[in-house]
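Notes follow the structure.
Note that these values count all heavy atoms, side chains included, but never hydrogens, waters or copies made by symmetry.
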Amino acid sequence: MMLSGFEPLRVDDVTDAALAWRQVHSRRESRPDDALEKSRRLPGPEMIFGEVFPTMGRNLRDNLAAGKVRILEGVWRVMN
């Protein structure tokens with residue numbers, strides 16, 4: 001980012017929180033679908049990412065747990 005003219009104001013590693021969130025949601029996504037329950041739910045990420053979204057979520061969860069990826073949250077500003 002600095003090479004592109006940005007300076008970090010704040011950068012936090014939120015990997016542990018993201019892993020905890022993904023673990024909860026992976027369990028929810030892997031439950032068998034109940035037609036009545038599904039009809040009452042709001043549209044989910046499957047509408048955007050398609051039917052393979054649960055697989056994508058599991059892959060992310062596994063890669064976070066294995067330390068293969070990290071998630072950073074930050075605020076940068078353009079340097080003058």
*Apart from I71 itself, what residues make up its hydrophobic cluster when side-chain heavy atoms of I, L, V, M, F, W and Y under 4.5 Å apart count as a link, directly or indirectly?*
V14, L19, L60, L64, V69
_Can you tell me how far apart CD (Q23) and CG (D62) are? Round to the nearest 0.5 Å._
9.5 Å
*Note, E73 side chain near V11 side chain (heavy atom, < 4.5 Å)*: no
*For W76, check side-chain hydrogen bond (donor to acceptor under 3.5 Å, both in side chains) against everything at least two apart and list the hits.*
none
*Are there more than 12 heavy atoms of other residues, nucleotides or ligands under 6.0 Å from atom CE of M79?*
yes
*Could you list the residues that satisfy side-chain hydrogen bond (donor to acceptor under 3.5 Å, both in side chains) with D12, not counting sequence neighbours?*
R10
*Are V78 and M1 co-members of a hydrophobic cluster defined by side-chain heavy atoms under 4.5 Å apart?*
yes
_Run the side-chain hydrogen bond (donor to acceptor under 3.5 Å, both in side chains) test against E7 and tell me which residues pass, sequence neighbours left out._
R77
_Shared-cluster residues of V24, by chain and number - hydrophobic side chains joined below 4.5 Å_ = none
*For the residue pair R22 and G57, what are the closest heavy atoms and their distance?*
CD-O, 3.1 Å
*When rounded to the nearest 0.5 angstrom, what is the spacing between OG in S26 and CG in N59?*
9.5 Å
*Can you list the other members of the hydrophobic cluster that holds I48, where links are side-chain heavy atoms under 4.5 angstrom apart?*
F49, V52, F53, M56
